[in-house]
**Student:** 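Please find one structure pasted underneath; my questions will follow.
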Amino acid sequence: MSEKKKVYLSALDEYINKVYVLVLLLVPGACQCAGVLYTFEKIMGWLPEVNWLALILFDVTCLIYLAVGILFIKTGFLNGLVRDSRLKAGKIFLVVIMFIQFNFILYMIPAKDFWGFAFFFVVLTAFFLDFKMVAVTSLEIAGSLVVSWVIRADVLLPVKDDMFIANMLNRVVCVSLSLPTTVLLTYLIGRFLVNAKKDEMERNNEKVQNVLNSVQTLSENLLGAGTVLSQISENEGASAEELSATSEQLLEGSNMLGSKTEESMANLNELDEWKNVLADNVERVETASKDLLDKSRENEKMLSDLKIINGEVSESMCATTDVAYKLSEAVEQIGTTLSLISEISASTNLLALNASIEAARAGEAGKGFAVVAQEVGNLANSTKESLDEVETVIKRVQSNVEEITVYVNDNSQKLERQNEYFSNVFTGIKDMTQLLGVSVNAVEAMGEAYNKQASVIQNTISINKEIADKIRNENTQFNSINHMVEGNVNDISEMSTQINVINGMVDEINQLLTGND
């Protein structure tokens, strides 16, 4: 798509552009407002003589004229300027619609003072500063007024009373003076603007000639500045060749640095991989250590419980010792009782022997036998009592034995629990041993990774040393470039001076072209 050519408009061209749009909207718009006003007055009953058909036809024509005016505006411009053909057609269109609509209203609305709007219609055409257009419009409006005064004198003329002649004279004088005056004013203004435009063109031609003379002088100055700049450019060319050679060397060094950098990056990536291995093993060691801590706490609790159980076993054993002691005392009492029974038995035997002897001597005499028999009975009673005591003691011994049995069973259960705790402690120690094995393996893996990492780091250090040597060489080359740049400072300063001179010349040219003093 080609770009539109930029057009520089004069003040008169811009004025015509604005007037073209304004009047093409204002004239049909004014007619449309009049149609709306008359329709409203007809609806309110203030215009009973107006025909509805004529009023509707007037409103429709106003809408058509407004649409045609908008079409003229949309199609009337080319590159920001009103086309001559459209401007002429627009003027003819305005003259026609003002003649038609003025007469339409003049014969449709019975208004004695409507003749005053004739000046409004003529003034609208005066905006174009075309005295021919204003003259034609004035003639058609004035002719329409005269014809309407003849045809519809009873409606449009003043009341025929003592002031009739004076009113008619005032109308005629007003129309006769105002319309020609408007035409004359339009002619003078248009003529003045044309002459002013010619004078402006002459001044512009003179200014352009001055600019050309100044530009010639400036071009000579620019030629001298260009010669100086050419010499500086030759000097800069030699420096550029030297800089090019140095740049090639720097490029080779940069490529070497690039390859070393890639190797260094590969090593760093390998370090990153071993870092992950170290991180995994550290995590495993940390987990194993936590498990060992938990197992240690469990073993500590088990040992504490085992200590309590051992205390209870000790107390139970003390109680068992007391029972055994009581049992020993009971056994001693049994021994004493048995001794007593033994003595009683001996006495009984002796008495029985004596009884036998006495019985043998006495024969039938029973007194002695009776005494013996009585004594034997007493001994028997004593033996019975002794036996009762022995029974009591035996029961006590049995009770103590049962108590010892209970303590023994209790100690047996506690010993079982103790064994269970010992088993758990053993299992915990076994688990701790396994965890320690895992931790040792992880530490070994970490050691291996560390060794590899140390090797890679040593290699990276060597590469970095090589890079440092290259950088030193590049610094030397950059110092050489710096000396060359310092050598060009004077040329650049001179170039800057010449550039400032050229800029001043350009500013002067711009001032001349823009017309600024």
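Just the heavy atoms: all of them, side chains too, but no hydrogens, waters or symmetry mates, feed the values below. For reference, positions follow the sequence shown, starting with 1.
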**Student:** Over 60° means perpendicular and under 30° means parallel, so tell me whether Phe58 and Tyr38 are parallel, tilted or perpendicular.
**Tutor:** tilted

**Student:** Answer yes or no: is there a donor N or O on one side and an acceptor on the other, between the side chain of Tyr65 and the main chain of Leu94, under 3.5 Å?
**Tutor:** no

**Student:** Any salt bridge between Lys301 and Asp305, counting N to O under 4.0 Å?
**Tutor:** yes

**Student:** Between the side chain of Asn17 and the main-chain N/O of Val82, is any donor-acceptor distance below 3.5 Å?
**Tutor:** yes

**Student:** Do side-chain atoms of Gln32 reach the backbone of Leu66 as a donor and acceptor pair under 3.5 angstrom?
**Tutor:** no

**Student:** Should the pair Arg152 and Tyr107 be classed as cation-pi, given the thresholds of under 6.0 Å to the six-membered ring centre and 45° from the axis?
**Tutor:** no

**Student:** Has Arg86 got a side-chain atom pairing as donor or acceptor with Leu78's backbone, closer than 3.5 angstrom?
**Tutor:** no

**Student:** Taking side-chain hydrogen bond (donor to acceptor under 3.5 Å, both in side chains) as the definition, give me every residue that meets it alongside Lys91, ordered by chain and number, with sequence neighbours left out.
**Tutor:** Asp130

**Student:** Looking at Val50, is its backbone amide N or carbonyl O close enough to the side chain of Lys42 to form a donor-acceptor pair, meaning the two atoms are under 3.5 Å apart?
**Tutor:** yes

**Student:** How many angstroms lie between atom CG of Leu53 and atom CG of Asn51, to the nearest 0.5 angstrom?
**Tutor:** 5.5 Å

**Student:** Roughly how far, to the nearest 0.5 Å, is OG of Ser138 from CZ of Phe121?
**Tutor:** 13.0 Å

**Student:** Verify the neighbour count for atom CG of Leu57: are there more than 12 heavy atoms of other residues, nucleotides or ligands below 6.0 Å?
**Tutor:** yes

**Student:** Output all residues satisfying side-chain contact (heavy atoms from CB on, under 4.5 Å) with Val146, sequence neighbours left out; order by chain, then residue number.
**Tutor:** none

**Student:** I'd like to know whether Met168 forms a side chain to side chain contact (heavy atoms under 4.5 Å, CB included) with Trp149, so could you lay out the CA-CA distance, the side-chain angles of the two residues, the decisive distance to 0.1 Å, and finally the verdict.
**Tutor:** CA-CA 10 Å; Met168 285 300 300; Trp149 287 346; 4.1 Å; yes

